[in-house]
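Below is one structure; the comments refer to it alone.
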2 protein chains.
Amino acid sequence: MELIESHLIDKSICPVARTAQVLSGKWTILIIRDLATGVKRFNQLERSLQGISPKTLSERLRSLEEEGIISRQTFAEAPPRVEYSLTEKGYDLVPVIDSMRDYGKKWLCDDK
Amino acid sequence: MELIESHLIDKSICPVARTAQVLSGKWTILIIRDLATGVKRFNQLERSLQGISPKTLSERLRSLEEEGIISRQTFAEAPPRVEYSLTEKGYDLVPVIDSMRDYGKKWLCDDK
DNA sequence: CGGCATCCCGATTGATACTG
DNA sequence: CAGTATCAATCGGGATGCCG
């Protein structure tokens, strides 16, 4: 078990803390995880993220959009259609999700 | 920008969600980040994590210990000494932190 | 369908003071 | 030094209902 050299961790800038802040919130990472599989509509996300309230989903989507991580495309149809997808900035979070998945599989899941 | 194949994401188990749960909390990841550089004492962490209250630090450390991510070693001295370090389970979170650091440097830090 | 407006709650965090 | 005790505040999140 090697240790990271202390000087490699820049605390003044602390990209870790900033990323953590962006990913904070109970559902944030899961929304990005879902969108990583492709474009999704509001209701698709609502069903996929079992237990999320529409308010919370709406809030998270808006703040992620403001953050530039997801993009929102509306279609003037009846019934209305809104599609959410990852931007490049959002897609670059996939490695984070992947490493979290690896960790979860190794330490937090009994099965497989 | 390729997309992940949907079937590669196992939502029933969802290791991502479990890992997110373990890492939840405002300070959790930062504590692990600090301990990744080596053994630390309570006061060292308190100083390093600017703004954390001793109560919160104490709570986080205890829950991380219960989680098996950090280990706590006490020394019967005067003044008392307690050292915190990462377990193997904790050290395996370093890739997650690394990917978060990479992301933060690329997207969230102007400097460099 | 895709939201927004309200109201509400519990968990998390913080400030501060104090102790073994 | 390494915490605990107490109190207060914040905040994400949930429930429900309404609307274009």
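Naming convention: chains lettered A, B, ... in sequence-line order (proteins, then strands); numbering from 1 in each chain.
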What are the two closest non-hydrogen atoms of B/C14 and A/L30, and how far apart are they? SG-CD2, 4.4 Å
Between A/K89 and A/E67, which heavy-atom pair has the shortest distance, and what is it? NZ-O, 2.8 Å
Short side-chain N/O contact to C/dC1 OP1/OP2 from A/Y84, under 4.0 Å: no
Please determine, for the side chain of B/V82, which listed nucleotide (D/dA2, C/dT13, C/dG2) has the closest atom? D/dA2
Taking only Lys NZ, Arg NE, NH1 and NH2, and the carboxylate oxygens of Asp or Glu, determine whether B/D92 and A/K106 approach each other closer than 4.0 Å. yes
Is there a donor on the side chain of B/K26 or the base of C/dT12 sitting less than 3.5 Å from an acceptor on the other? no
Side chain of B/I52 (C-beta onward), nearest among C/dG20, C/dG14, C/dT16: C/dG14
Rounded off to whole Å, could you give me the CD-to-C1' distance for the B/Q21 and C/dT12 pair? 15 Å
Protein-nucleotide distance (B/Q50, atom CD; C/dA15, atom P), rounded to Å: 13 Å
Report yes or no: is there a donor-acceptor pair, N or O only, under 3.5 Å between the side chain of A/K55 and the base of D/dG13? yes
B/Q50 atom CD: more than 12 heavy-atom contacts under 6.0 Å: no
Using a cut-off of strictly less than 4.0 Å, decide whether A/R41 has a side-chain nitrogen or oxygen near OP1 or OP2 of C/dG2. yes
Length of the line joining B/L49:CG and D/dA2:P, which is rounded to integer Å: 14 Å
Can you measure from CG (A/D34) to CD (A/E46) and round to the nearest 0.5 angstrom? 12.5 Å
B/F42, nearest nucleotide to its side chain (from C/dG14, D/dG13, D/dA2): D/dA2
Can a donor-acceptor pair be found, under 3.5 Å and without considering hydrogens, that links the side chain of B/T87 to the backbone of B/I69? yes
Name the residue closer to the 5' end of DNA chain D, choosing between A/G51 and B/E83 according to the nucleotide with the nearest heavy atom. B/E83
Is any side-chain nitrogen or oxygen of A/S53 closer than 4.0 Å to OP1 or OP2 of D/dG13? no
Can you measure B/Q44 atom CD to D/dA2 atom P for me and round it to whole angstrom units? 8 Å
Would a 4.5 Å heavy-atom cut-off, applied to side chains only, mark A/V82 and A/F42 as touching? no
Between residues 57-72 of chain B and DNA chain D, which residues have a heavy-atom gap below 4.0 Å? B/S58, B/R62, B/R72
What integer distance in Å separates A/L23:CG from D/dG12:C1'? 16 Å
Distance, rounded to the nearest Å, where B/E77 contributes CD and D/dG3 contributes P: 14 Å
Looking at B/T19 and A/G104, would you say the former's side chain and the latter's main chain have a donor-acceptor pair under 3.5 Å? yes
Remember a base hit wins even if backbone is also touched, and classify A/F75 as base, sugar-phosphate or nothing at under 4.0 Å, heavy atoms. nothing
Rounded to whole Å, please give me the gap between CD1 in B/I31 and C1' in C/dT12. 13 Å
Measure from CG on A/L30 to C1' on D/dG12 and round the result to the nearest Å. 15 Å
So for the helix from C/dC1-D/dG20 to C/dG20-D/dC1, with five pairs setting each end axis, what is the inter-axis angle to 10°? 50°
Within-4.5 Å side-chain heavy-atom neighbours: A/I31 and A/L57: yes
Examine distances only and state if a side-chain atom of A/T28 and a backbone atom of A/S24 form a donor-acceptor pair shorter than 3.5 Å. yes
